[in-house]
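Comments concern the structure below.
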There are 2 protein chains.
Amino acid sequence: MELSAESPPGARRPARQAASPLEAHLGYWLRLVSNEVSRAFARTLQKQNISVAEWVAINQLAAGAGLTPARLAATMGMTRGAISKVLDKLDSKRLISRSPSPLDSRVQLLSLTGQARRILPQLTSIADDNDRHFFAALGANEKAALRNLLRKLAGVHQITRIPVE
Amino acid sequence: MELSAESPPGARRPARQAASPLEAHLGYWLRLVSNEVSRAFARTLQKQNISVAEWVAINQLAAGAGLTPARLAATMGMTRGAISKVLDKLDSKRLISRSPSPLDSRVQLLSLTGQARRILPQLTSIADDNDRHFFAALGANEKAALRNLLRKLAGVHQITRIPVE
DNA sequence: TATTGTTATACTCTATAACTATA
DNA sequence: TATAGTTATAGAGTATAACAATA
């Protein structure tokens with residue numbers, strides 16, 4: 001048995017309980033490992049005074065110029081209100097600039113500043129190093145297998161929201 | 001128009017931008033998938049008015065009686081202050097009880113109430129169903145492979161902190 | 001003095017919804 | 001009316017540190 005819940009109150013408790021059933025779930029192991037990678041990454045990134053959400057936003061802007069807050073919010077799975085604050089932070093750090101679209105002045109066009117482009121390689125290095133270090137224990141085949149399994153799950157469940165936590 | 005954003009005014013847009021390097025990282029895929037599993041689980045659990053942290057605490061108490069707040073905090077990777085609030089919530093829901101240890105009255109012994117033991121199977125079902133549904137796309141061998149890869153990483157990095165987010 | 005658990009405070013992140021300005 | 005972005009408010013979650021009771 002796995003749950004003492006199955007023993008009625010007042011019953012004698014088994015000498016040694018079975019391990020918690022948490023570990024029976026793949027989702028548990030996924031979260032356990034994922035949290036550690038993300039935690040380490042977030043901590044290192046924080047030394048540069050950058051949050052993970054900010055880093056993702058910078059990355060998206062670097063990958064394709066001319067994003068708008070609304071599109072960025074959709075990509076990152078955040079509300080417009082939330083993205084607005086992320087952009088405020090980036091703005092105050094002089095890492096992005098916002099300019100009204102000439103076609104529709106309600107719309108803002110986002111772009112990275114020169115400063116952001118200068119620190120981007122450094123931030124990318126942090127991400128690369130973190131990933132390399134964490135998965136160094138796996139061989140090339142294992143890494144490929146893990147990647148394929150995760151991509152398969154992402155594909156099946158149509159997950160597109162970029163993780164920012 | 002959807003978004004003039006796609007073409008920055010005046011700028012020649014590259015024929016096709018390279019994909020964001022985010023996807024190059026295994027940690028990215030891990031987080032992407034893990035977030036989805038956890039999000040779905042947390043949402044279903046929330047319908048029972050239980051947070052993930054509360055669920056983990058209930059599980060730990062079910063697995064081995066006689067835990068104390070301090071030990072639970074260590075297991076869950078939280079501070080004593082944070083665990084105190086989790087226990088307050090569980091207490092207010094009549095799911096746990098706290099009683100002073102006869103050996104050291106500073107110490108509290110935690111135990112589940114009958115009510116908690118009654119709903120535990122239901123909560124476990126939620127976790128089981130969530131896991132089963134999410135990983136149904138994988139065959140038995142794939143699940144085993146994924147589990148082994150994750151356990152290997154957890155072992156190498158000595159990850160023990162139970163994820164509660 | 002040290003330890004257990006609690007509490008006060010603050011901070012981060014996020015969502016909801018009201019608000020403005022454009023369209 | 002509808003949309004883009006901002007802001008006000010609130011809530012969850014957590015950390016830090018001060019605190020009371022006990023050892």
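Below, each value reflects all heavy atoms present in this structure, side chains not excepted, and no hydrogens, waters or symmetry copies. A, B, ... follow the sequence lines: proteins, then strands. Residue 1 opens every chain. All values reported here derive from a predicted model rather than from experimental measurement.
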Would you classify A/V164 as touching base, sugar-phosphate or nothing, given that sugar-phosphate means primed atoms plus P, OP1 and OP2, and contacts are heavy atoms under 4.0 Å?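 Result for A/V164 = sugar-phosphate.
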
Output the single nucleotide from [options] whose closest atom is nearest the side chain of [X].
{"X": "A/K85", "options": "C/dT14, C/dT6, C/dC13", "value": "C/dT14"}
{"X": "A/M78", "options": "C/dA15, C/dG5, D/dA23", "value": "C/dA15"}
{"X": "B/V107", "options": "D/dG13, C/dT4, D/dG5", "value": "C/dT4"}

With respect to the phosphate group of [N], does any side-chain polar atom (N or O) of [X] fall under 4.0 Å of OP1 or OP2?
{"X": "A/S105", "N": "D/dA4", "value": "no"}
{"X": "A/T79", "N": "C/dA15", "value": "yes"}
{"X": "A/R106", "N": "C/dT20", "value": "no"}

How many whole angstroms separate atom [atom1] of [X] from atom [atom2] of [N]?
{"X": "B/L87", "N": "C/dT4", "atom1": "CG", "atom2": "C1'", "result": "13 Å"}
{"X": "B/D88", "N": "D/dA12", "atom1": "CG", "atom2": "C1'", "result": "15 Å"}
{"X": "A/I83", "N": "C/dT12", "atom1": "CD1", "atom2": "P", "result": "17 Å"}
{"X": "B/L103", "N": "C/dG5", "atom1": "CG", "atom2": "C1'", "result": "17 Å"}
{"X": "B/Q108", "N": "C/dT7", "atom1": "CD", "atom2": "P", "result": "10 Å"}
{"X": "A/R43", "N": "C/dT12", "atom1": "CZ", "atom2": "C1'", "result": "17 Å"}
{"X": "B/Q46", "N": "C/dA15", "atom1": "CD", "atom2": "P", "result": "15 Å"}
{"X": "A/E54", "N": "C/dT14", "atom1": "CD", "atom2": "P", "result": "10 Å"}

Please tell me if the side chains of B/L95 and B/K89 come closer than 4.5 Å, counting only heavy atoms from C-beta onward. no

Could you work out, with ring-ring contact (aromatic ring centres under 6.0 Å, His included) as the rule, every residue matching B/F135, not counting sequence neighbours? none

Can you say whether the rings of A/H157 and B/H133 are parallel (under 30°), tilted (30 to 60°) or perpendicular (over 60°)? perpendicular

Is the shortest side-chain N to carboxylate O distance from A/D88 to A/K85 below 4.0 Å? no

Closer to the 5' end of DNA chain C via nearest nucleotide, is it A/K89 or B/R39?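 On the 5' side of the pair lies A/K89.
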
By nearest nucleotide on DNA chain C, pick out whichever of A/R80 and A/G77 is the more 5' one. A/G77

Go through the structure and list residues passing salt bridge (Lys or Arg N to Asp or Glu O under 4.0 Å) with A/E54, not counting sequence neighbours. A/K93

